[in-house]
Amino acid sequence: MLTDEYLMYGAAIKPAALVTLRAGPVRLSYDAGTGSLRWFKRGGTEIIRGIYFALRDRNWGTVPGRLSERERTIGKDTFRLEFECEHRQAGIHFAWRGLIEGWPDGSVRYACDGVVRGTFLKNRIGFCVLHPIRECAGARARQIRTSGEVIEGTLPRTIEPQIFGKASFQDLRALAHEVEPGLWAELTFAGEVFEMEDQRNWTDASFKTYGTPLARPFPVEVKSGERVRQAISLRLIQDPRSRGMATRHEDTELVTLEWSRGGESRRMPELGLGLAGESLSEREIERIRALRLSHARHDVRLAQGSWVQDLERAVEQSRQLGVSLELAVHLPRTGASGLPALRELLERSSVGSNGTRSIARRILVVREGEAATTAESLVLARAALGGLGVPFGAGSDRNFCELNREQALGQLGCEGADCVFWSINPQVHAVDAWSVMETLEAQGETVRTARAFAGGRPLMVSPVTLKQRFNPVATGPEPELTPEALPPQVDPRQLSLFAAAWTVGSLCTLAEAGVASITYFETVGWRGIMAQARDARNGALFPAEPGMVFPVYLVLRALCGSWRWVSISSSDPRRMLAFGLQGNGSRRRLVLANLTEQPLEIQGHGLDGAWCARYLDLQNSRRVLQEPATFWAMAGKAMEVREGKTRLKLPGYAVAVMDSD
């Protein structure tokens, strides 16, 4: 049954509220379910994004813990929390005691004392610290190495490649960064050697400082009875040479949006969907055609015996949907077998009155076992498939991390490419709703970094998914899937308002950064934009109603038509994002999303005029998900917007589509 909780959050129950703590001038939040600390702030300035304990198995999977609280003492500007936590999963057993304390001077200490209760392989056990990118990218920083050496520098602005043993911040005993002029936040570490990586490589909105350097071998066996003791301490340091600092004010409840001054607009990025491999009904075809997409992505895996039949089916579907194909061509691990047959099939599938136009929109070249496209692979693909009038892309089918690393090592075949591509998903490291929404801030960072080495080539993000499609860093077989569990590539939030709001945010950040093309999700099914009417797999963990569209469908439907992109600035992009569309004449459309579960009040600037607002929220979404055309047939709410005076209230994870003629 599709409950309100699943429709809004994509989960059976509403996420538990966080506990607010204060250590003097520092405000932070505590997750009593996991023992994690979040959002250390002084005024409106974020100091630390989070501190948490992680146990990562041999494939970098996170083993969750079960927490039992022993003490909770919270004062006006102090606190003390003590608990026990146990991690058990697939032969892994580890237990630890946590102690978190905060004092009036803004200091916070988090300590753990744990013991291994069964020999197993691990990649990491211990603390991680997250540093917010808005406040930290480019900030002055000071690292103290385990030798006592002090190194002054800055945190990177563009995304630093993750090359094992080459991190700018490594072998750490302590780390400090300048929060605002005159104020520094210093972290000291005990019980392990720490280093930092730039998590924007995976679209996490943070730098991460973690224990056990990656240059050391992994996985490593830990034996029963081994102890793990670590501690992290935070303190604020006022620079005596400073005259003080101007503290940013606390966040206000009101969020302001502003339409781009001067009516500046630009071309929309091309939008596409992945093909799910399932046959489509006439109604599903009609619904997808209504989106007026540019393309559909299909992966051609030349090492698989069924690739010809799979591609023929994809060609037929692309014709049904009225789109071209974005082909991700996966070469075999060695050689180029299959490319001549692929060329022949593409030539037979040409479209146009005289067969002069290829069914392929572009060819993204990857090779099985390669982290990113090499020059050799690109040359082989061009030699076999050239002359079709199709651009060739070099990039990575994994994460931006692999693309960034390979270009830094000189192993990306970018010179012979017509475009550069990579994929995005928000759950490489964390799966909770707050962390997933925070990744929106980093998506644009991947685009800006790629532009620095792409040489002016168009940038393509393909695909964008809620979960990883595969684990590119596994060191062993994945645990067997139990009958009651969803596949690891599936997130039940796919059917939720949460996913719709996240997609609005993704469109905002990627389009604003200037990508040429974005491929989202799939056509139908668990990873799609609608449920199939004949799909009997939904069950209790993915309770989509047969034949319904998911809320994200209506987000994509709002973009179809002859529009140009208009930038909309938000006073708080971590809570509210929006984009504008400029049509013919004075026709305008505004699409905005609440990125939080709490209602928000919005005030607009540069939006004067008569508008009609339609809302996709918990109250009315059930009426339109079975028959999405009714959303556009709704009368909507008429409103006259006057400069700086009209306010709009938007429920949690709701999307609003506002039209003005």
Side chain of [X], backbone of [Y]: donor and acceptor closer than 3.5 Å?
{"X": "Thr630", "Y": "Ala633", "value": "no"}
{"X": "Trp502", "Y": "Val436", "value": "yes"}
{"X": "Tyr520", "Y": "Leu556", "value": "no"}

Notebook entry, point to check: Hey, what do you get for CG (Leu254) to CZ (Arg647), rounding to the nearest 0.5 Å?
Noted result: 4.5 Å

Margin query: How long is the straight-line distance from CZ of Arg22 back to CG of Leu28, given to the nearest 0.5 Å?
Written below: 9.5 Å

Can you name the closest pair of heavy atoms from [X] and [Y] and give their distance?
{"X": "Arg588", "Y": "Trp611", "result": "NH2-CZ2, 3.5 Å"}
{"X": "Ala442", "Y": "Arg200", "result": "CB-CG, 4.2 Å"}
{"X": "Pro551", "Y": "Ala500", "result": "CB-CB, 3.7 Å"}
{"X": "Tyr6", "Y": "Ala540", "result": "OH-O, 3.3 Å"}
{"X": "Asn201", "Y": "Phe400", "result": "O-CB, 3.4 Å"}
{"X": "Gly43", "Y": "Arg27", "result": "O-NH1, 3.8 Å"}

Before accepting this row, confirm whether a basic side-chain N of the pair [X]/[Y] lies closer than 4.0 Å to the acidic partner's carboxylate O.
{"X": "Glu135", "Y": "Arg574", "answer": "yes"}
{"X": "Arg49", "Y": "Asp204", "answer": "no"}
{"X": "Arg97", "Y": "Glu84", "answer": "yes"}
{"X": "Asp4", "Y": "Arg622", "answer": "yes"}

Checklist line | Donor + acceptor pair across side chains of Thr256, Glu258 (<3.5 Å) | finding: no

With a 4.5 Å cut-off on side-chain heavy atoms, are [Y] and [X] touching?
{"X": "Arg614", "Y": "Asp659", "answer": "yes"}
{"X": "Arg557", "Y": "Val549", "answer": "no"}
{"X": "Ser318", "Y": "His298", "answer": "no"}
{"X": "Val108", "Y": "Ile48", "answer": "no"}

Item checked: Residue pair Val461, Thr446: steps toward the side-chain contact (heavy atoms from CB on, under 4.5 Å) verdict -> CA-CA 10 Å; Val461 180; Thr446 66; 5.6 Å; no

In terms of the angle between their ring planes, are [X] and [Y] parallel, tilted or perpendicular, with boundaries placed at 30° and 60°?
{"X": "Phe579", "Y": "Trp565", "answer": "parallel"}
{"X": "Phe83", "Y": "Trp96", "answer": "perpendicular"}
{"X": "His429", "Y": "Trp202", "answer": "perpendicular"}

Next item on the list: In sequence, state the C-alpha distance, the side-chain angles, and the governing distance for Arg297 and Glu522, and then conclude on side-chain contact (heavy atoms from CB on, under 4.5 Å).
Entry: CA-CA 9 Å; Arg297 171 174 166 141; Glu522 292 181 354; over 6 Å; no

Notebook entry, point to check: For Gln619, does the CD atom have more than 12 heavy-atom neighbours from other residues, nucleotides or ligands under 6.0 Å away?
Noted result: no

